[in-house]
Amino acid sequence: MEALRRRLRTTEAPPLHKAELSRFTIPNRIFALLYASAVVTLLYHHTVTLSKTHLFISTSLLLSDVVLAVIWATSQSFRIRPIYRKEFPQYINKESSENEFPAIDVFVCTADPYKEPPMNVVNTVISAMGFDYPAEKVSVYVSDDGGSDLTLFGLMEGAKFAAHWLPFCVENDVTLYESMKVRVENVVEKGKIDDEYITKEDEHKAFNKWTDRFSRQDHPTVIQVILDNNKDKDIKGHIMPNLVYISREKSKTSNHNFKAGALNVLIRVSATMTNAPIILTLDCDTYSNDPQTPLRVLCYLLDSKLESKLGYIQFPQRFYGINKNDTYACEVKRLFFINAIGMDGLSGPNYVGTGCFFRRRVFFGGPLNLVLPEMAELGPNHVVSNSIQSKQVMDLAHCVASCNYENNTQWGHKMGVRYGSLVEDFYTGYRVQCEGWKAILCNPVKAAFYGDFPISLVDVLNQQKRWAIGLLEVTFSKYSPFTFGTHFMGLAMGFTYGHYSLWPIWSIPVAIYAFLPQLALLNGLPIFPKISEPLFILYLFLVFGAYGQDLLEFVIEGGTLQKWWNDQRMWMIRALTCGLFGTIEYSLKCLGISSSGFALTSKVTEAERSKRYKQGAFEFGIHSPMFVTLTTVAIINLAALIWGLKLAISGSKYGFEQFFMQVILAAFVVVNCQPIYGAIFLETNKGGIPTKTTLVSIVLATSLLITLRRRFSTKPLHKPELSRLTIPNRIFAVVYATAAVTLLYHHTVTLSSLFTTKNTKISSALFLSDVVLFLIWLTTQSFRMKPIHRNEFPQNISKESEKELPAIDVFVCTADPYKEPPMNVVNTVLSVMGFDYPAGKVSVYVSDDGGSDLSLFGLIEAAKFGAHWLPFCRENDTMYESMKVRVENAVEMGKVCDENITGEDERKAFKKWTDGFTRQDHPTVIQVILHGSKDKDIRGDVMPNLIYVAREKRRTSLHHFKAGALNALIRVSAILTNSPIILTLDCDTYSNDPQTPMRVLCYILDPKIESQKVGYIQFPQRFRGINKNDIYGCEHKRLYSINPLGMDGLLGPNYVGTGCFFRRRAFFGGPLKFVSPEIIELSPDNVVDNKAIHSKQVGIRYGTTSEDILTSYLLQCEGWKGIFCNPNKAAFYGDAPINLFDVLNQQKRWATGLLQILFSKYSPFTFGIKYIGLLMAFTYGHNTLWPIWSIPITIYAFLPQLALLNGISLFPKVFESCFILYMFLFIGAYGQDLLDFIRYGGTFRKWWNDQRMWLIRGISSFLFGLVEHMLKSLGFSSMNFSVTSKIINTEQSKRYEKCVFEFGHHSPMFVTLIMAAIINFVALVWGIKLALLGGKIVFEEIFMQVIIAAFGVVNCKPIYSAMFFRASNKGGIPTKTTLISTFLASCLFIVSLVALKD
């Protein structure tokens, strides 16, 4: 070819081609400026009026017009420089140069002999073999991705026929062709090849490869050379082109990349056999219509000016047999003609998958950057020296066609046809041009190729849905045309590809304009300008300008008005069907919920269907979800048009003028829907719409109308009120802050004098403690700035809304059947299954992190009981007792006996617990105990889903405790039900109010709340069985009631680990930044907890043992808000620990978790202030400071008392002014706290016990949590998650009911408590002695220290009782603990004698 190019360059040969710029280029550019000005004006109007109209409607219209503006802007790139070309193949001197013509490898792809009949393939192959081109330079490779012997048979028959047909077509066209056609079609109809059709030994040998184990999805490579130009001749003795059949190796375990993978195999196999420098790709139904086509290609390839960067020549795709008015717009004029001409003036058209001549070099990197393949034999410059049937060539060909060959190579990424999109043609052309190659559109008057097209609507839409998904894969990949493309190809060319990639998103504005104005009309809401307003003219210009320009371009390229009308109708139909469904399917694929498949478009033509198509009738015939949206649009628009005309006729008060544009829009859609109305009343077997589709559409249309009515409804579902104590609290905060600052000022001013008069250690310790106390108080005030009280009105939820209730996934977590009895889990599960909510919309997921068959057994028993209990609870109490006995007996025995297993499914489930199954090391167990679609209760009603999940555990993997378990539930539930609402519950938190979900809906269904980005609704945690005076302060009124009200007035309460309804969407990034998980993250068997995506951006957050507070904190930092729902009737009740050891252990875990947050990069005092503001950050900051509370408490519990015992006075005298300051600070803080406590339902005695527990926690759980965190930070220890026991001991329970503190066994945390009790008691006795004896230090000076000691002694009363009046087996303090504490208290006193000495 190079020699030929040189000869043409050196001789005075006439030009082989010419190019002309379109005469519409300048007018198009001027119109673009005018139109852009109008678009900007409209968008400006939208933004100005956004807050003045209904937010939902105005936001939707703005969104649709922004999308339309972007699509229009990108379409202008096609109009910048459109080019028309003409070739002159007659100037190529065939006689003198055809020996120098470059060889051509023709690739034909097929995949299914029943959707792509072998006769289509045969016709395509024969037509390519008939090119007016040297036969020895043509090789045809057929890729059969269906691995069908029927296709191979068809090709063999075609090869025999071609030996007659190629020499003289006319004489033999009928007889031989018809004979061959009959044989091929008979074989396809039978589905097998009879021996009578196999005439040669080579054929027998070839077909013997199809064994019983040979399947479409799993088979070895088959390569059959049907024609070899070295030996095969036609009947006149002329050379015939090579014809090679290839069915690449397939394996169910390998990814084959659909057509792109098949083409890459053809590139490699052809390289080993012929390695022609030119490659022509054809679909199996694209036959050649012009034998001169290769010569037209040479007109460009032989031009030395174009040669260096010319990568491919694309012919427009044309179709044979399209009816008069092109009903389905299968010509796709914009894609194949109008836009391609525009791209040709830039860097060239996109590759459309067929009818394209490539330079082989294109598939191996850019013009200046050759990417060498892994084998030299595959390189574009390799010269093949062996026969195509030689053993060496065949062995290599089989090797490169294997399914694992591409592993760890650049094929599909930097070489060959590119992977990553279902539209591999579009993507490959785009990537090739990004690498620097140019392309040319060759559009001769006589069509170069003709192809088949679908003649039923469902086939048209399915094909284009696949295109939509593929285009979106390109749009949102790292090679997006708007980023990568504009960088490497320039803005205009990047926008051409960007325009195509936005085709599916066209569904957004079309769907909005097809539904919203019409539904608003039916609801009496005008949304467009009146006829008399200037803005009406703007809308008219935008509509008629866009449609007028489109019509003009269509007619210029040979279209008619009727074809254009059908084309614009199909654009709307595609947007509402394949564009919309393709976008949804792509979104689900990104979420890991579904995967994209490559659905072949059927090329089979039925006689009746073909007849209707010729008549121009739409073909529906079968039910399809895509037809539902079309029919729904048709129904709603017809109803809106009738209603609008009624308004016009009746002279409604609204005025027809206000609704004119909405009525015109409805009329426009109704006219476009004319074929749909006709199809609704036809029989299905005559191409009509099935009755099922029509009925579903009517229901959906009605639902949409009702939904919009509800959205515009002003009936309140909830009401917030500001606390009446807000202003007094703010005033008191100012006064108290002044006093606190005064005390700190007093500390700093007198610090130097204290250094000279008293021990420096004492003064520094007191100053430190008061600074910490001030910081804790200061952060507390954030709760008092704007406390909110809410009321819900579930009775206002309309009956229509109840039919559309969102589904709920309930997550229940348990971890140890011996600390969290299965009966607790059972009670929790049964309580939520009894929600006053449609059972079919409730799914309960139980995470058993202990992997115990006992928990599974309990749930199975609960499911059986639930079938009786859900219909009528009280009559079956005895059944409950029977179930309870069986479950508790199994737990006591530690195993599930065979006699308790009643079904084969149960037996199969329990077999998973083998000898190697341990709590720390076991595979995933997922057991569907109740399946809502098939399991019914005894009355035949649907039951909720109930699923048991024990995630995989491995000793070598980090499992992140409860956070990891919840993330596993998020992923598993996403695959099984994927409800939009998630409720998280502890295993002992049972539902107390069946109406709770309806209260949640009062917020979920409120559009105002939705716009406020509410991510979760938290209910307060309440406890059953707490004794009269709540001796352990387990109600946690500040954490669960008082503080959440204050946070609710800001961004919402923190998540407390249970009783919280989440939007599932909240776990996947902020409201404005969706974080898409990979599909592997949704697999329950995949150990993903060590991966970054679920610890940082998605799901429950890791990094602390207080995963609940960290999760809500980070959600709010991302932009979500929370709601605190606190009804009078408790929504949930949980169990509380009834012994002090469990209480303190639980709160030590909280302390370490809070410190992990405080000292992380997400600290509320740095990260929080930046993202959620000062006040909200202070609320979380206050919680994280709880463990630090141990510092001042420990100092005040020991230091003043030890100083008193050493004769040192620390505080002002009674009659000094500073004494009043101390008293105000102490009484003010305690008084305000008591007031808050009483106001929210507490009693004085409960408040006293609560403040005592704060002191106890300060010198036990908080102190030890602080020390443990420090040791972990230094690497001396690791954090563990200790499950709080829910087991109730009878004796302990009795003492708890009597309000007696339960110690019972030794714990280091009890030692510090007893030390404080001993030292405070001794200090009090010593202080009283000093007062009575009138010693050296007058009582006035030590008054405050004596009072503090007395306060400590009073609070330690339960400790003295446990030390002296009860044995350890009766809940008392063990003697060991008392002796150790006494010894340490003595040591501490001795140390103080030295340390506090002046």
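We're numbering straight along the sequence, starting at 1. The figures that follow rest on heavy atoms only: side chains count, while hydrogens, waters and symmetry mates do not. Because the structure is a prediction, the values reported are computed rather than measured.
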Going by the angle between their ring planes, with limits at 30° and 60°, are [X] and [Y] parallel, tilted or perpendicular?
X    : Y    : answer
F449 : F315 : perpendicular
F357 : F131 : tilted
F364 : W411 : perpendicular

Under the ring pair (Phe, Tyr, Trp, His ring centres under 6.0 Å) rule, what pairs show up with a residue in residues 277-296, not counting sequence neighbours?
-> none
Among all residues two or more places apart in sequence or in another chain, which pass the salt bridge (Lys or Arg N to Asp or Glu O under 4.0 Å) test with [X]?
X   : answer
R79 : E553
D65 : none
R85 : D344

Over 12 foreign heavy atoms within 6.0 Å of CZ, R81 = no
For residues 436-444, tabulate all N or O donor-acceptor pairs below 3.5 Å that involve a side-chain atom, not counting sequence neighbours.
{"unit_1": "W437", "atom_1": "NE1", "unit_2": "G365", "atom_2": "O", "d": "2.9"}
{"unit_1": "K438", "atom_1": "NZ", "unit_2": "S347", "atom_2": "OG", "d": "3.4"}
{"unit_1": "N443", "atom_1": "OD1", "unit_2": "R318", "atom_2": "NH2", "d": "2.7"}

Knowing that exactly one of Y500, Y427, Y430 qualifies, which makes a side-chain contact (heavy atoms from CB on, under 4.5 Å) with N350?
->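 Between N350 and the candidates, side-chain contact (heavy atoms from CB on, under 4.5 Å) is satisfied uniquely by Y500.
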Kindly determine whether S288 and S127 satisfy side chain to side chain donor-acceptor pair (under 3.5 Å), including the steps that lead there.
-> CA-CA 5 Å; S288 170; S127 71; 5.0 Å; no
Under 6.0 Å between ring centres, would you say that holds for Y547 and F544?
->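 For Y547 and F544, the ring centres are not under 6.0 Å apart.
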SB check K137 D105 (cutoff 4.0 Å) = no
Can R418 and E424 be counted as an ion pair, charged N to O under 4.0 angstrom?
->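 Not counted as a salt bridge, because no side-chain N and carboxylate O are separated by less than 4.0 Å.
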Tested for ring pair (Phe, Tyr, Trp, His ring centres under 6.0 Å) against F363, the lone hit among F358, Y312, Y351 is F358
Begin from the C-alpha positions of S75 and R334 and carry the test side chain to side chain donor-acceptor pair (under 3.5 Å) through to its verdict.
-> CA-CA 10 Å; S75 71; R334 285 176 194 78; over 6 Å; no
Is there a side-chain contact between S64 and Y513 (heavy atoms, below 4.5 Å)?
->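 Yes, side chains in contact.
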Less than 3.5 Å apart, which donor and acceptor atoms pair up between the side chains of residues 293-301 and the rest of the protein, not counting sequence neighbours?
{"unit_1": "T293", "atom_1": "OG1", "unit_2": "D290", "atom_2": "O", "d": "2.8"}
{"unit_1": "R296", "atom_1": "NH1", "unit_2": "E87", "atom_2": "OE1", "d": "3.1"}
{"unit_1": "Y300", "atom_1": "OH", "unit_2": "E87", "atom_2": "OE2", "d": "2.6"}

